[in-house]
Amino acid sequence: MDQRRIKRDAVADMGLDPYGGRYAHVVSTQDVRSTGASLDLAPGDKSDASVRVAGRIMLLRVMGKLAFFRLHDGEGHIQIGLSRADLGDDQWLLVKKLLLGDIIGVEGIIGKTRTDELTVWARQVTVLSKALRAPPEKWHGLSDVDLRYRRRYVDLFANPQVRDVFRLRSSMIHAVRQYLVGECYVEVETPVLQPMYGGAAARPFTTHHNTLDMDLFLRISPELYLKRLLVGGMDRVFEISRNFRNEGISTKHNPEFTMVELYEAYADYHVMMERVEGMVAAAFAASTKTALPMQVARLEDELRRLQEEKGEAAAQEFAEEHHLEAYREARDAIKQGRLMGVYNGVALDFTPPWPRLKYADLLQTHAGVSITDRAAVHAKAKALGIDPANKADAVIINDLFEATVERHLIQPTFVYDYPAAICPLTRRDPNDALIALRFEAFAATMELGNAYSELNDPDIQRENLLHKITGEGDETMAVMDEDFVMALEYGMPPAGGLGVGIDRLVMLLTDSPSIRDVILFPLQRPQASGGS
RNA sequence: GAGGAUGUAGCUCAGUAGGUAGAGCAACGGCCUUUUAAGCCGUGGGUCCUGGGUUCGAGUCCCAGCAUCCUCACCA
């Protein structure tokens, strides 16, 4: 590190600011590539097209009086050629003070090397930020998972695929927002700090407001506030909402996560199924539809290279490791206009309409019991090691469902009509009080979304919130919220409501195995000894 | 919360049987005007996760702890 400080100070001694300043008229490395392509250069040619680029030096080769850098910016990278003869002695002295990881600006002309690599031949080099820490090794990059999350900024500039994931995440959220706005929804923001939590079954985080001397909860869901807006006459609302649940961490759970939650007056849960399909289609069009074919093209390039250099066996291994077969299937399906992605080696077809399957029918198929046959349900649960003691029947049924059915829900599927007792905020089937008009959307065995025909009868709502269902954790119980019930007493239109997990949607559409791969800064314990 | 795995140089990793701590990349010095993980010669760089213990001697064996990952549990 000291060596780097010495070079930084040497730059300052040359009268230059090692931390730069404004550097105007920069074009991206991608722009340089498209300009370069249009110039139609032969190997060894130099054009007279002058450009300014800026970025981080990620590869550096100096040989005597000639040097090549690879400069990375937000969109890609480009090779910089630096020759002492072109730059002059002062600039060359500066070049020798540059290290991997430094951020520089380069003004130069577009050309090609003898080996046909597009290159910006530098005329003027400007230091924009000297790095005091070296970037990770150029070949393996940063692969230590712990470090990748703790120093996500390094992960992002060292591993371009990581940046791609978060770029796609941004595009997907934008597309979801556009879809909903196009359906006349209004985007709203409701409290994160809530005096009372509700809208989901989860343990909350607690906090405290000093001046009011009042305990508050971080929201586990925006549901009860969004429904108040329905009462207020905002007929179609949505919120892209960060929720906080004080529970276990896993590859599918982060304590804070993002959901899009929406409510539509005069609709029901069938309409919400269409909304799921619509949002996923929009997100797909903004990401996988173009990203996946490009990914396949890259994989096939790599495959050909391996075949030539290392033989068929190595190529075969590579193809299997990267699930190339599923990717090709998805690429071909996309060409046919289908919404197909790949997750964990399996091609998933998101093309609407998704299959709609009844909860009770799935239980019959996979657990082999009828949902109405209490004895059979209990027997099956016991056989699977689920202890039915102190649990309401609906909870046992749900445990059974999770143990037997969920792992079969690979292709995108709507499961609908849940046991009413585990759905305190859901309207009952008018023909069967034990059934709640609710569905969950599944894909790759993950719960992607959850929706209801919303309960708007205030008296039933009050009763549901007061009624304790046994078998679920005490703290995750629905909490009585009198203000919310009072809102319903003013009259809430019948409505469909829906929540879709954005993080999981991004996982599915980017083939990311862990939720931490799609959250920029997932929660980690602080490390005892920090830094260098 | 339970089980398993991992923790060694800035990064990626070796470390044999318990006997002075290693490689590649990065960095420093030298040579080098077309490199593609550039090359060659040389140099510097370590709290072997932490704390105990066994031993003449511990990166290595034992105990405890910490962090991360995976599986399970919890969690719609």
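Everything quoted here is computed from the prediction, not taken from an experiment.
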Item to check | Verdict with supporting geometry, A:Glu75 and A:Arg33, salt bridge (Lys or Arg N to Asp or Glu O under 4.0 Å) | outcome: CA-CA 11 Å; A:Glu75 293 186 17; A:Arg33 285 189 189 284; over 6 Å; no

Checklist entry - In terms of the nearest nucleotide of RNA chain B, which residue is placed more toward the 5' end: A:Ser143 or A:Arg84? => result A:Ser143

Item to check | Which residue lies more 5' along RNA chain B, comparing A:Asp86 with A:Cys423 via nearest heavy atoms | outcome: A:Asp86

Can you confirm whether [X] sits close enough to [Y] that some side-chain heavy atom of one is under 4.5 Å from a side-chain heavy atom of the other?
X: A:Glu264; Y: A:Met272; value: yes
X: A:Asn450; Y: A:Glu261; value: no
X: A:Met63; Y: A:Phe68; value: yes
X: A:Asn464; Y: A:Leu455; value: yes
X: A:Leu71; Y: A:Ile57; value: yes

Next on the checklist: With hydrogens left out and only the distance checked, is there a donor-acceptor pair under 3.5 Å joining A:Glu117's side chain and the base of B:rU34?
Outcome noted: no

Item to check | Contacts of A:Asp48 that satisfy salt bridge (Lys or Arg N to Asp or Glu O under 4.0 Å) - sequence neighbours left out | outcome: none

Using a 4.0 Å heavy-atom cut-off across all strands, classify [X] as base, sugar-phosphate, or nothing.
X: A:Tyr452; value: base
X: A:Gly81; value: nothing
X: A:Trp92; value: nothing
X: A:Ala67; value: nothing

Watson-Crick or G-U wobble partner for [N], using a 3.5 Å limit on both distances?
N: B:rA37; result: none
N: B:rG59; result: none
N: B:rA27; result: B:rU43
N: B:rC74; result: none
N: B:rU68; result: B:rA5
N: B:rG18; result: none

Checklist entry - According to the interplanar angle, ranging from 0 to 90°, do the rings of A:Tyr416 and A:Tyr269 count as parallel (below 30°), tilted (30 to 60°) or perpendicular (above 60°)? => result perpendicular

What is the distance, to the nearest angstrom, from the [atom1] atom on [X] to the [atom2] atom on [N]?
X: A:Tyr153; N: B:rG10; atom1: OH; atom2: P; result: 15 Å
X: A:Ile249; N: B:rA2; atom1: CD1; atom2: C1'; result: 17 Å
X: A:Met58; N: B:rC11; atom1: CE; atom2: P; result: 14 Å
X: A:Leu384; N: B:rC72; atom1: CG; atom2: P; result: 16 Å
X: A:Leu147; N: B:rA9; atom1: CG; atom2: C1'; result: 14 Å
X: A:Phe257; N: B:rC75; atom1: CZ; atom2: C1'; result: 10 Å
X: A:Arg114; N: B:rU34; atom1: CZ; atom2: P; result: 6 Å
X: A:Asn398; N: B:rC74; atom1: CG; atom2: P; result: 12 Å

Checklist entry - Under 6.0 Å from the six-membered ring centre of A:Tyr418 and within 45° of its axis: does the NZ or CZ of A:Arg438 meet both? => result yes

Checklist entry - Out of curiosity, A:Phe350 CZ to A:Leu509 CG, how far, rounded to the nearest 0.5 Å? => result 5.0 Å

Polar atom pairs (N or O), protein with nucleotides 68-71 of chain B, under 3.5 Å:
from   : atom 1 : to       : atom 2 : distance (Å)
B:rU68 : OP1    : A:Arg525 : N      : 2.8
B:rC69 : OP1    : A:Arg516 : NE     : 3.2
B:rC70 : OP2    : A:Arg516 : NH1    : 3.2

Rounding to an integer number of angstrom, what distance separates [N] and [M] when you compare their [atom1] atoms?
N: B:rC13; M: B:rC28; atom1: P; result: 24 Å
N: B:rA23; M: B:rG44; atom1: P; result: 11 Å
N: B:rG19; M: B:rU71; atom1: P; result: 37 Å
N: B:rU47; M: B:rG59; atom1: C1'; result: 12 Å
N: B:rG18; M: B:rU6; atom1: C1'; result: 22 Å
N: B:rC69; M: B:rC49; atom1: C1'; result: 15 Å
N: B:rG45; M: B:rG22; atom1: P; result: 13 Å
N: B:rC62; M: B:rA17; atom1: P; result: 15 Å

Checklist outcome for this item: Ranking B:rU35, B:rU33, B:rU12 by distance to the side chain of A:Thr113, first place goes to B:rU35

Checklist entry - Is a salt bridge present between A:Arg304 and A:Asp301, judged by a nitrogen-to-oxygen distance below 4.0 Å? => result yes

Checklist entry - Going by an N to O cut-off under 4.0 Å, is there a salt bridge joining A:Glu223 and A:Lys227? => result yes

Under 3.5 Å, which N/O atoms of the protein pair with N/O atoms of nucleotides 22-29 of chain B?
from   : atom 1 : to       : atom 2 : distance (Å)
B:rC25 : O3'    : A:Lys138 : NZ     : 3.2
B:rA26 : OP1    : A:Lys138 : NZ     : 2.9
B:rC28 : OP1    : A:Lys7   : NZ     : 2.5
B:rC28 : O4'    : A:Gln3   : NE2    : 3.3

